[in-house]
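In what follows, a single structure is set out as structure tokens and then discussed.
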Amino acid sequence: MEFKEIESKWQKKWEDAKIGVPERNENKPKFFLIWAYATVSGFQHTGHMRGYSYADAIARFKRMTGHNVLLCAGGHATGNGAIAKANKLAKKDAAMVEELKSRGVTDEQIEKMSDVDEFINFFAKNYVKDYQSFGFVGDWQRFMLTTTPDYNKFIEWQFKKLNEKELIIQKPYFANCCVVDGPVAVDPSEMDLSKGGTAEQTDCTLIKLDYGKEQGISQYIVVATLRPETMYGQTNVWLDYDIEYVKIKIKPNNGKEEIWIASSEFADKIKYQIDEVKVIGKIKGSELTGNYCYAPSVDREIIILPSKFCDPNIGTGIVTSVPSDAPADYIGLHDLQVSEELCKKYNLDFEAIKNIKPIPIIKSKGYGDFPAIEICNRLGIKSQADKEKLEEAKKEIYKIGFHTGVMHDNAGPFAGMKVTEAKDKMKEHLIQLGHADKFIDLSEEVVCRCGNPVRVMRRDNAWFIKYSDEEWTQKSIKYLDEMELYPDAMKENFSSAVDWFSDRACAREGNWLGTKLPFDKNYTVEAISDSTLYPIYYMVSKYVNEGLIKPEQLTEEFFDYVFLERGTKEEVANKTELDVQLVDKVQKDVAYWYPLDINLGGKEHRTVHFPPFLLNHTALLPKKFWPKGIFVNFWVMQAPNQKLSKSKGGAQPIPGVSEKYSVDGMRLYYANAASPFADIYFEEESLLNYKAKIEKLNSFVDEILSKELSSSQGKMDAWFESSFNSSLKRAKDAMEINDFKTTSNEIYFNMNKLFTTYFAREGNNKSLVQEYLPKWIQTMGLFTPHIAEELNEKVNKFFENKETLVANTSWPKVKEDKINKEIEVSIELIGEIKKDIKDILVLAKIESPNEIKIIISPTWKYDFFKLFKEILEETQNPKDIISKVMTTNLKQYSKDVMRLIPACLKDRSKIPFVLLGDKKEEELVNSFKEDIEQEFKCKVIVTTAKDFDHPKSGNASPGKPAILVE
RNA sequence: GCGGGGGUAGCAAAGUCUGGUCAAAUGCGCAGGACUUAAGAUCCUGUCUCUUAGUGAGUUCGUGGGUUCGAAUCCCUCCCCCCGCACCA
């Protein structure tokens, strides 16, 4: 099959027919959906297409069920991703140029793309092309970008409104910042970074150990710790003998000038968090070794000792030693205590070292006073060189200590307190006494895209959106009950995400793409914060894109009127010089299309994008405009546990894969391979199977059309109509709740099977085929729209119907009156009989039977099952059931009844689903007598248990006649 | 740590909310058959174990308990896997 040809043929027809470009029509129910827009910084991949194809299937279904459907998309370019990549192109970055070229981008185009705007526009266009090539039908005329002047006006308005509601606040913030470029996003996508995307901020406590005075100023050895609660167990200090440390003149938060001794790396970090930091001198580790400093908490002098595990890049490069609870500390001490030689090398008093004893501080579950010693013994850790085991030991002790630990008696005011509680209290306590300070470090080295290091910086007046506002949060959480959230788990999930979502730094200093904060032009609104309320802007972008509205006309009054109905259209028209009818039109569009019915996005949006999306709506718009639904789709994985990602490679270009697997094949794969709420692996074999399925559908329809059909009815007709309508109903019901897997199962496998069975059993009614074949094909319009149109065209021609587009038709109506479970069961029953005969022939080793007797069940069994089913409605208790049955005239069969009841209770499948009755069953089997005779090439006699006295007759049961082969 | 999701037959994956037609849909794979000169494709049948002239029995849905006449489904224990955690749609 020429997939490519078929795809573009129908895509063009849909476009020409303006299927995706709806007109406002107040008499028709609307459905407005979007997918969360993608960052414009590279090609889209198969993961994006998964979610989008769900959105398109929903849109097509809603369109076919009488809705006016608006599906829109846009592109997000806020931040510096595009800038960085455009710059790379300007520098002729070989890898990137090569990547673009490999996807058919011309040299000329690449040249142009070193300009950021060109870069963004290129990909934006590319995205729309991808959507179209995947058969998504939407209103692409409304496509918008977050970096255009009109969008900026919208965001300015949004922030003015937030400010009006007093939801914008300023406070200090510790941001991850490039030392040159300012704030960056530290996250695994590494959009802003060249290294360190998985780094996290770690909250350290700096402990200051008194080390005399220098120039009359107090001097401290400064150590960084994550476990301030263990300070009562300090026995010594560790540093690296061979490293040169620095003396830092600093004015920490207590306002007094001090001198800190720490690594020079630390000096470089702390200057971004504490003002007035100056390196005034150097001091070697060897010069400090063996000296004493005064430790708070333990209130005495402790010795400074050398070790190999002090990394100048972590913390201050100096650590305090708590050998009772820190395995490395214990082992470090142990190494020295067993080696006089080593002590001598460092010029240490061996006896003094040997006298250092761990101090018990925490009692943890399953451990004694010295967990570190226990675990080192258990894991067989012998020296500092056992780095891996030490790490494991540290984690284990930290974990168990944190969760189960209780502070020992020697922990001053914290004695008896749980570690979870003592940790923060101890920290505050030490800070208050001036013995400690805060410091935020990064867990690994982070390097900006520009090549400069990323540091944690304190920003004093950072702008925040006050998502912590209790009333606002509660109002929004309460509203979740009225929303449709997919999957179900989102209901639980999402309210905690909304609750958890606290104040968000919403703007960055520096030169970024995006919108300048209206009340502080040094700040640019950050990427999450300018993509929350945007679905409503699709109502405006249409007219901007058409050139009917200029960005400067998008004034506060304009948005106030069209979104909030504040003021009058005349005033707005006057002030903006817009046509009053246009202002009116935009307002009416908003009133018609809003709220958004579905916002669809990948699972990564659950905690970062969707909460503020909802929160901004509830804060700024009237309740009637709050979003109605969120749909979260899961990922396409490259290999186990590896998400597809633009930056990490592995994702294949859309045009390439769609050619290889066909668009319909891929869309069917997405719909049918798994629930939308499970990650799937992109498996070639599977995809090719689905592609083959599309081809089979095509040849199956050809085959049907080539059949000689008759104008008379057949005995399979009623069955087919009933089964098809049942299936259609299941498909529709499932689609109403976005259960794509069930819907696609019905359409592509079950309905397919119904047709094959129908023809296999000599169904050949032309008018039936003429009615149902097109219906079946229409249902394919949701997931495999191209082949659906192709088949529809073919079938219309064949039956000389008028031309239609599946995309324009109504979803086939379920003919409830045709659904007849008795008839469906009947055909199954005949099938069962045939299967039983086959089994018997094999088991009895009869090759060509002379005669087959089919014996219909005794009449009383029908009565029994009828009664039994009635009783089951009332009671499930075996005793009650038996006594009830025995009060009827069935008691004459008490022996059989007593056997049947327990068996049927145990295995409910023994109870016939539908009871035909003996007369009907006999008639039915008789009507298929010839059919069976033909199949087994022998005489068939249909009789009843009453008329045929034979041991087998007693075995017959309703829906399961006895069979005797001779 | 905080928050969330999940473990189902050879594989993938429904079923779990609303307990009983669940030995468990569907697809793939595999086996046999039909068609074909043949292969492929397609179609039919089978695919937990045992048994049997079919409508029979047993053991299964991560582990171990419990509730119930009845549990893949409800409750508890434990084990394992995955995801999000903030200036990254």
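Letters go in sequence order (proteins before strands), and every chain restarts at 1.
Contact annotation for A:E685: backbone-only contact, meaning every heavy-atom pair under 4.0 Å involves sugar-phosphate atoms and none involves a base. Using a 4.0 Å heavy-atom criterion, one finds that A:P961 contacts the bases of the nucleic acid, with or without backbone contacts as well. Note on A:N745: a base of the nucleic acid sits closer than 4.0 angstrom, heavy atoms only. If you check every strand for non-hydrogen atoms under 4.0 Å, A:N955 touches a base. Residue A:T607 is in sugar-phosphate contact alone, with no base atom involved, counting any heavy-atom pair closer than 4.0 Å across all strands shown. Residue contacts for A:A175: at a heavy-atom cut-off of 4.0 Å it reaches a base atom on one of the strands shown. Residue contacts shown for A:K845 are absent, as no nucleic acid heavy atom lies under 4.0 Å away. At a threshold of 4.0 angstrom between heavy atoms, the contacts of A:A497 with the nucleic acid are absent. Residue contacts shown for A:S502 include a base, since a base heavy atom lies under 4.0 Å away. Across all strands shown, A:K910 has heavy atoms under 4.0 Å from sugar-phosphate atoms exclusively, and none from any base. Counting any heavy atom pair closer than 4.0 Å across all strands shown, A:V842 reaches no nucleic acid atom. Residue A:H609 is classed as a sugar-phosphate contact, given heavy-atom separations below 4.0 Å to backbone atoms only. A:F749 comes within 4.0 angstrom of sugar-phosphate atoms only, judged by non-hydrogen atoms across all strands, and of no base. Across all strands shown, A:A674 has heavy atoms under 4.0 Å from sugar-phosphate atoms exclusively, and none from any base.
A ring-ring contact (aromatic ring centres under 6.0 Å, His included) with A:F740 is found for one member of A:Y748, A:F631, A:Y670 and no other, namely A:F631. The only option from A:F143, A:Y537, A:Y127, A:Y534 that meets the ring-ring contact (aromatic ring centres under 6.0 Å, His included) definition with A:Y37 turns out to be A:Y534.
Separation of the P atoms belonging to B:C17 and B:U73 is 9 Å when rounded to the nearest angstrom. Rounded to whole Å, the P atom of B:A13 lies 13 Å from the corresponding atom of B:G6. Rounded to the nearest Å, the gap between the P atom of B:U59 and that of B:A72 is 13 Å. With both ends at atom P, the span from B:C69 to B:G56 equals 26 Å, rounded to whole Å. Between B:A23 and B:G46, the distance separating the two C1' atoms is 15 Å to the nearest Å. For the P atoms, the distance linking B:A41 with B:C28 amounts to 12 Å, nearest Å. The separation of B:G65 from B:U18, taken at their P atoms, amounts to 27 Å, rounded to a whole angstrom. The same atom, C1', is picked in B:G19 and in B:C75; the two are 13 Å apart, to the nearest Å.
The interatomic distance linking A:K693 (NZ) with B:G27 (P) rounds to 8 Å, in whole Å. Rounded to whole Å, the distance from CG on A:L485 to C1' on B:G4 is 14 Å. Taking atom CZ on A:F740 and atom P on B:U26, their separation rounds to 22 Å, with Å as the unit. A:D203 places its CG atom 16 Å from the P atom of B:C2, with the value rounded to the nearest Å. The NZ-P distance, from A:K952 to B:G56, rounds to 12 Å in whole Å. Between the CD1 atom of A:I440 and the P atom of B:A86 there is a distance of 12 Å, given to the nearest Å. For A:F677 and B:C82, the CZ to P distance is 23 Å, given to the nearest whole Å. The interatomic distance linking A:R606 (CZ) with B:G84 (P) rounds to 9 Å, in whole Å.
With distances taken from any side-chain atom of A:L964 to the nucleotides B:A53, B:G4, B:U45, the minimum falls on B:A53. Comparing B:G84, B:A86, B:A53 by their closest approach to the side chain of A:W635 singles out B:G84. Proximity note for A:R504 (side chain, C-beta onward) versus B:A41, B:A86, B:U55: the nearest is B:A86. Minimum atom distance to the side chain of A:N689 is reached by B:C28, of the listed B:A86, B:C28, B:C83. Between B:G20, B:A53, B:C43, one nucleotide has an atom nearer to the side chain of A:R908 than all others, and that is B:G20. For A:A678, taking side-chain heavy atoms from C-beta onward, the closest of the listed nucleotides B:A86, B:A53, B:A14 is B:A14. Minimum atom distance to the side chain of A:A489 is reached by B:G5, of the listed B:C83, B:A86, B:G5. For A:K741, whose side chain is taken as the heavy atoms from C-beta onward, the closest listed nucleotide among B:C69, B:C28, B:A25 is B:A25.
The partner of B:U47, taking Watson-Crick or G-U wobble pairs whose two distances both stay under 3.5 Å, is B:G29. With a cut-off of 3.5 Å on both pairing distances, the Watson-Crick or G-U wobble partner of B:C69 is B:G20. If you check B:C35 for Watson-Crick or wobble pairing at under 3.5 angstrom, you find it has no partner at all. Figure legend. B:C2 is base-paired to B:G84; pairs are counted as Watson-Crick or G-U wobble with both atom distances under 3.5 Å. Under the Watson-Crick or G-U wobble criterion, with both distances below 3.5 Å, B:G64 is paired with B:C76. Pairing for B:A41 is absent, judged as Watson-Crick or G-U wobble with the two contacts each under 3.5 Å.
Taking 4.0 Å as the cut-off between side-chain N and carboxylate O, A:K693 and A:E695 do not count as a salt-bridged pair. Using a cut-off of 4.0 Å between Lys/Arg side-chain N and Asp/Glu carboxylate O, A:E229 and A:K427 are scored as not salt-bridged.
Between A:Y131 and A:Y52, the distance from one ring center to the other falls under 6.0 angstrom.
Residues A:N752 and A:T78 both approach RNA chain B. Their nearest nucleotides, taken by heavy-atom distance, put A:N752 toward the 5′ side. Along RNA chain B, the nucleotide nearest A:A844 and the nucleotide nearest A:N493 are compared for position; the residue whose nucleotide lies closer to the 5' end is A:N493.
Panel note: side chain A:T757, backbone A:K753; a donor-acceptor pair is recorded below 3.5 Å.
Under the 3.5 Å distance criterion, with hydrogens and angles disregarded, no donor-acceptor pair is assigned to the side chains of A:D530 and A:T515. The closest side-chain donor-acceptor pair between A:S857 and A:E921, if any, does not fall under 3.5 angstrom.
Ring orientation note: the planes of A:F868 and A:F865 are nearly perpendicular, at an angle over 60° on the 30°/60° scale.
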